[in-house]
**Student:** 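Below are the structure tokens for one structure; questions will follow.
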Amino acid sequence: MALCVMDTARALACRDGTAATNLKLISIFVIFFTSVIGITLPVFLARFLFHGKPVHDKAILIIKCFAAGVILSTSLVHVLPDAFTALSDCQVSSRHPWKDFPFSGLVTLIGVLTALLVDLTATSHVESHQNQAEGYVAVGNSEELGILSKKIDVEQQQREAEELVKLKQRLVSQVLEIGIIFHSVIIGVTLGMSQNQCTIRPLVAALSFHQIFEGMGLGGCIAQAGFSFGTTAYMSFMFSVTTPMGIVLGMIVFSITGYDDTSPNALILEGLLGSLSSGILIYMALVDLIALDFFHNKLMSGQSSLKKVSFIVLVLGSTSMSILALWA
């Protein structure tokens, strides 16, 4: 309880509603601008700089490995610790049932299992359509027709396999964006509800870099999935505006209810949503990005140099995002 009193006194010394509002208005435009840069950079590189060139597939793979490192670090170094801290706050952890059970771990587990369920359901749906298509195979009595049928069948299976991989990549990108949007909403609402200028000032700069790296992570996956221009623009726009919209929503919530980011209900909501998005991001980073590329990608097989470069880029992405945890 003494610790709570000390924390409250420290927060009151930094509370300035007018200064906090000015900083939040600045952050809306700054974070939107940096989000646009982050998510469009890998898409631009893939579509215009590397498209049609021999290094296109390798460049996309390296961008995606950097993205996987960023997303894994986001989930384990940023989102999960923040969720755990929110539910461990003395205003929450001193009450039932929050002090009786590690809810942050439980909800993270639910997020992992939810992502797995979505993955299994979508994959089964695609595979069922593939099996139905395989039933339509030409049949003939002559040897020529048999050879032609086998050739057509092989080509059809190759096209279906490529289509399955592409659908899988699109599913990964869409589920990944859902998890990141959860995280971005939490960041925005928390910042918007805060009246602590000492907290907001360093956060604006740190979150700008945070959005660049996170945008690069999502943008790398979108680039590999090969969405149409309209879908790519829509997904990029949604990522870019989510955090600024969260800031506006947080400001509205504070003006109506008087709740700020230190109220028990706000901390509980932040902890639960953060844990859920952390579970989704952990699953997507480890299973659908890292494991898929390092163990099931044709480019990786037999190319030890590409594996080494991909691993170094993965570590670089993780390190870059982890360093930002010093400020945000």
Side-chain angles (χ1 to χ4, degrees), residues 37-80 112 115-116 119 123 158 161-177 179-180 183 209-227 232 235-236 239 278 280-325:
I37 292 176
I39 196 167
T40 55
L41 182 61
V43 175
F44 176 82
L45 291 175
R47 281 182 177 267
F48 300 105
L49 190 61
F50 296 118
H51 186 69
K53 296 183 179 180
V55 296
H56 177 263
D57 292 337
K58 292 182 180 179
I60 291 294
L61 178 62
I62 290 174
I63 292 173
K64 192 180 175 187
C65 288
F66 182 86
V70 168
I71 292 163
L72 184 61
S73 175
T74 298
S75 60
L76 292 174
V77 182
H78 290 259
V79 186
L80 186 57
V112 171
L116 174 61
D119 210 354
T123 303
Q158 288 176 345
E162 291 174 357
E163 183 181 355
L164 181 63
V165 170
K166 190 64 68 176
L167 288 172
K168 175 74 172 179
Q169 291 169 348
R170 290 175 180 175
L171 173 68
V172 168
S173 300
Q174 290 166 344
V175 176
L176 192 60
E177 179 155 36
I180 290 176
H183 174 47
F209 289 101
H210 178 279
Q211 291 300 102
I212 288 177
F213 285 123
E214 199 169 70
M216 289 176 67
L218 180 59
C221 297
I222 292 174
Q224 189 184 46
F227 288 106
T232 301
M235 294 180 72
S236 300
F239 169 78
S278 176
I280 294 172
L281 294 176
I282 288 171
Y283 175 87
M284 301 305 292
L286 290 176
V287 178
D288 284 333
L289 297 179
I290 296 175
L292 194 65
D293 282 337
F294 279 88
F295 298 108
H296 303 287
N297 194 305
K298 293 180 180 179
L299 288 176
M300 288 284 195
S301 59
Q303 298 192 41
S304 59
S305 59
L306 183 59
K307 287 182 180 180
K308 292 175 183 177
V309 171
S310 298
F311 182 78
I312 291 171
V313 171
L314 174 69
V315 173
L316 182 63
S318 300
T319 304
S320 302
M321 199 65 178
S322 298
I323 290 174
L324 286 179

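Below, each value reflects all heavy atoms present in this structure, side chains not excepted, and no hydrogens, waters or symmetry copies. We number each residue from 1, following the sequence as shown.
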**Student:** Quick check: closest heavy atoms across Leu80 and Ser278, and the distance to 0.1 Å?
**Tutor:**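 Minimum heavy-atom separation between Leu80 and Ser278: CB-OG, 3.4 Å.
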**Student:** How far does CG of Leu324 sit from CD of Glu214, to the nearest 0.5 angstrom?
**Tutor:** 10.5 Å
**Student:** Got a second to check how far Ile39's CD1 is from Ile222's CD1, nearest 0.5 Å?
**Tutor:** 4.0 Å
**Student:** Does a side-chain heavy-atom distance below 4.5 Å link Glu177 with Leu218?
**Tutor:**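 Yes - at least one pair of side-chain heavy atoms lies under 4.5 Å apart.
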**Student:** Look up atom CD1 in Ile62 and atom CG in Asp293, then write down how far apart they are to the nearest 0.5 Å.
**Tutor:**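 One finds 11.0 Å between CD1 of Ile62 and CG of Asp293.
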**Student:** Of all the heavy-atom pairs spanning Val70 and Gly317, show the shortest one and how long it is.
**Tutor:** CG2-O, 3.7 Å
**Student:** Report the C-alpha separation of Leu314 and Phe66 in whole Å, then their side-chain angles, then the decisive distance to 0.1 Å, and conclude whether the side-chain contact (heavy atoms from CB on, under 4.5 Å) test is met.
**Tutor:** CA-CA 5 Å; Leu314 174 69; Phe66 182 86; over 6 Å; no
**Student:** Once you round to the nearest 0.5 Å, how far does CG of Leu76 lie from CD1 of Ile71?
**Tutor:** 12.0 Å
**Student:** Side chains of Leu306 and Leu61: closer than 4.5 Å at any heavy-atom pair?
**Tutor:** yes
**Student:** Quick check: closest heavy atoms across Ala325 and His78, and the distance to 0.1 Å?
**Tutor:**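 Of all heavy-atom pairs spanning Ala325 and His78, the closest is N-CE1, 3.6 Å.
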**Student:** Excluding sequence neighbours, so at least two apart, what forms side chain to side chain contact (heavy atoms under 4.5 Å, CB included) with Val287?
**Tutor:** Tyr283
**Student:** Only counting residues at least two apart or in another chain, list the ones meeting side chain to side chain donor-acceptor pair (under 3.5 Å) with Thr232.
**Tutor:** Arg47
**Student:** Would Lys58 and Val309 satisfy side-chain contact (heavy atoms from CB on, under 4.5 Å), going step by step from the backbone distance to the final call?
**Tutor:** CA-CA 10 Å; Lys58 292 182 180 179; Val309 171; over 6 Å; no
**Student:** Report the residues that fulfil side chain to side chain contact (heavy atoms under 4.5 Å, CB included) with Ile312, sequence neighbours left out, ordered by chain and then residue number.
**Tutor:** none
**Student:** Taking side chain to side chain donor-acceptor pair (under 3.5 Å) as the cut-off, I'd like each qualifying pair that reaches into residues 308-320, sequence neighbours left out, listed once.
**Tutor:** none
**Student:** Listed by chain and number, what are the side chain to side chain contact (heavy atoms under 4.5 Å, CB included) partners of Ser322, not counting sequence neighbours?
**Tutor:**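 Checked Ser322 against side chain to side chain contact (heavy atoms under 4.5 Å, CB included); matches are Ser73, Val77.
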**Student:** How long is the gap from CD1 on Ile290 to CG on Leu72, to the nearest 0.5 Å?
**Tutor:** 5.0 Å
**Student:** Residues in side chain to side chain contact (heavy atoms under 4.5 Å, CB included) with Phe44, at least two apart?
**Tutor:** Phe48
